[in-house]
Asks: 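Shown below is the structure under consideration.
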Amino acid sequence: MSSDTRVRFAPSPTGYLHVGGLRTALYNYLFARKHGGTFVLRIEDTDRKRFVEGAEEALIDSLRWCGLDFDEGPGARGDEDGPYGPYRQSDRQELYVAAANKLLESGHAYRCYRTDDELQQIREEHQANKSPGRLKVRLPEEESARRAADGMPSVVRLKVPDGETLSVNDLVRGEVSISSDIVDDQILLKSDGFPTYHLANVVDDHAMKISHVIRGEEWLPSMPKHLLLYRALGYELPQFAHLPLLLNSDRSKLSKRQGDVAVEDYREKSFYPEALLNFVAFLGWNPGDDREMFSLDELIEEFSLKRVNKSGAIFNLEKLSWFNQQYLRERPVAETIGQLRPLLTEKGWGEFDDAYLAEVIELMKERVTFPYEIPELGSYFFVDPTEYDEKTVKKRWKAESGERMTRLAERLEGGSWKADDLETVFKDQAEKEEIGAGQFIHPTRLAVSGTGVGPSLYHMLETLGEERCLRRIRKATEVLG
RNA sequence: GUCCCCAUCGUCUAGUUGGUUAGGACACCACCCUUUCAAGGUGGCGACACGGGUUCGAAUCCCGUUGGGGAUGCCA
């Protein structure tokens, strides 16, 4: 495939970027980049009732946060959006009206004057009769003329032919065919004059020279309508690829209500965009071997529609978290410091220098999934413990612990504060007192951190420094006895 | 109801031309390491929805059943 590969992501600005949409956008992006093609962003805002202020900005913001830059579309190139603009359907109205008129003239479409009530009744009867065919909405010629003369509102409908088998060779599903007899006369132009998805989509994909339509599986059933439109309008057919759906844990189509579905939700929870992308890329695609960690560039290198699955995939938060943990571990410390610092300021825990924070991060990053967990699980790196974990006290702080800790502190004072040396002192002291080193190790951890869990004790002490440690040990002997 | 799509461990999946002890990852369990917790290592648990064909041989091909999902909007 050459540079005339053109794909598009065409979201409706009804709020936010759905993770399913992100996956669709990602596959389109990967396909475009892989083939040296063009990735277009088109805003499908033909439904005035669902218009949400700021949704387009939020959408673009989420896309950019993930690093999916588009070549054409609103704001793609600063002042200029691209050669096939405008890229908002609300700005392309004439095109749709022109196409609808053309279809009207050629007899592929007709004006329909049915009322909502009539339509509802037709649907009910259709279902009651268990009839497999098309909804019979066409009015006799004279009745249409009469209603038109009465000035009744109308829509433009596609006049679906009888007895045809409409099939397409889908890039992920192979040949899919549907009989035209069961395809309804799709509304093309609504009574408010705006086009429906079906018309606008086909007109724009053609006008924007889209070569591959890569979209969600929910569009597969309407594919025959689109085929008919391409044909009636005399457009060349693009290639189609219908992607498997992203699912809730109950296998229904991924939706709000059963968890977070907006990219911005995950951004707020401080997932790394790389982790989200990596995770979402593997929902429906894999490279065919055991590798799992992929940067965007590596995905571009490996991606192929041939390896896209047919069945839906459950969005599994645990796996996403695992990816995030992996990414956190390979992150440059400087970046994590930058994430950590505002959290500390927010908690009013004061200022800490980079070197100190870097050490804390090194000790903690293998134990957490998100940077924000570092101050949560490791508050003791920043403030003295104000209480001691009850269970740990019960288990580790014996009657003699207070005196032992006092003797240990005395011996430690003024000595080397390197982890290795500390370890030597602990072991030596234990030997002297003829007890297990654990009798010092556990109470010390408790005294210094307030908890029974955490990083390697000696390294933790080294990082914390002599002053903090001795102060805390003495405080603990007072409080715990 | 009707139409379309789908079907391998709990989850994501490998398996692309029929012959594998059906592989990996997440999660879970055990052990090792660590006198903590993680991480890491080792091992374990765990799947071809069912029934018919075709074939010497089927997870793989065909048919049916069942199950799941999607569509059926003047939403996209």
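To find a chain, count down the sequence lines: A is the first, B the second, and so on, and within it residues start at 1.
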Asks: Just call it for A:Arg251: base, sugar-phosphate, or nothing, with non-hydrogen atoms closer than 4.0 Å on any strand.
Replies: sugar-phosphate

Asks: Indicate the atoms forming the closest heavy-atom contact of A:Arg23 with A:Gly284, along with that distance.
Replies: NH1-CA, 4.3 Å

Asks: Step by step, would you call A:His242 with A:Ile214 a side chain to side chain contact (heavy atoms under 4.5 Å, CB included)?
Replies: CA-CA 6 Å; A:His242 288 92; A:Ile214 305 169; over 6 Å; no

Asks: Using purine N1 to pyrimidine N3 plus N6-O4 or O6-N4 for Watson-Crick, or N1-O2 and O6-N3 for G-U wobble, each under 3.5 Å, what pairs with B:U66?
Replies: B:A7

Asks: Please determine which of A:Arg138, A:Arg111, A:Lys159 meets the salt bridge (charged side-chain N to carboxylate O under 4.0 Å, His left out) test together with A:Asp185.
Replies: A:Arg138

Asks: Students often get this wrong, so: under 4.0 angstrom with heavy atoms, is A:Asp184 touching a base, only sugar-phosphate, or nothing?
Replies: sugar-phosphate

Asks: Testing the 3.5 Å rule here: is there a donor-acceptor pair between the side chains of A:Ser252 and A:Asn248?
Replies: yes

Asks: Would you kindly compare A:Thr196 and A:Leu283 by the position of their nearest RNA chain B nucleotide and give the one closer to the 5′ end?
Replies: A:Leu283

Asks: In terms of the nearest nucleotide of RNA chain B, which residue is placed more toward the 5' end: A:Leu245 or A:Leu119?
Replies: A:Leu245

Asks: For A:Asp289, which contact category applies under a 4.0 Å heavy-atom criterion: base, sugar-phosphate, or nothing?
Replies: nothing

Asks: Looking across every strand, which nucleic acid part, if any, lies under 4.0 Å from A:Ser191 by heavy atom: base, sugar-phosphate, or nothing?
Replies: base

Asks: Counting any heavy atom closer than 4.0 Å, what does A:Glu318 reach on the DNA or RNA strands: base, sugar-phosphate only, or nothing?
Replies: sugar-phosphate

Asks: Need one value for A:Thr46: base, sugar-phosphate or nothing, where a base atom within 4.0 Å counts as base even if backbone is also close, heavy atoms only.
Replies: sugar-phosphate

Asks: Check every strand shown and say whether A:Pro224 touches a base, only sugar-phosphate, or nothing at a heavy-atom separation below 4.0 Å.
Replies: nothing

Asks: Which nucleotide, if any, forms a Watson-Crick or G-U wobble pair with B:C45, using both distances under 3.5 Å?
Replies: none

Asks: Taking a pair as Watson-Crick or G-U wobble with both distances under 3.5 Å, which nucleotide is matched to B:U35?
Replies: none

Asks: Using a cut-off of 4.0 Å on non-hydrogen atoms, how would the nucleic acid contact of A:Ile441 be classed: base, sugar-phosphate, or nothing?
Replies: base

Asks: Run A:Phe9 and A:Tyr29 through ring pair (Phe, Tyr, Trp, His ring centres under 6.0 Å) and show every step you take.
Replies: CA-CA 8 Å; A:Phe9 175 53; A:Tyr29 173 89; over 10 Å; no

Asks: Students should find this one: the first and last nucleotides of RNA chain B, 5' to 3', lying under 4.0 Å from a heavy atom of chain A. What are they?
Replies: B:G1 to B:A76

Asks: Any donor-acceptor pair under 3.5 Å linking the side-chain atoms of A:Asp150 with those of A:Tyr113?
Replies: no

Asks: With a 4.0 Å cut-off on heavy atoms, is A:Lys49 in touch with a base, just the backbone sugar-phosphate, or nothing at all?
Replies: sugar-phosphate

Asks: Counting Watson-Crick and G-U wobble pairs only, both distances under 3.5 Å, name the nucleotide matched with B:U2, or none.
Replies: B:A71

Asks: Checking all strands, does A:Gly133 fall into the base, sugar-phosphate, or nothing category for heavy-atom contacts under 4.0 angstrom?
Replies: nothing

Asks: Pick base, sugar-phosphate or nothing for A:Ala313, based on heavy-atom distances below 4.0 Å to the nucleic acid.
Replies: sugar-phosphate

Asks: For A:Phe282, report the nucleic acid contact type (base, sugar-phosphate, nothing); a contact means any heavy atom under 4.0 Å.
Replies: sugar-phosphate

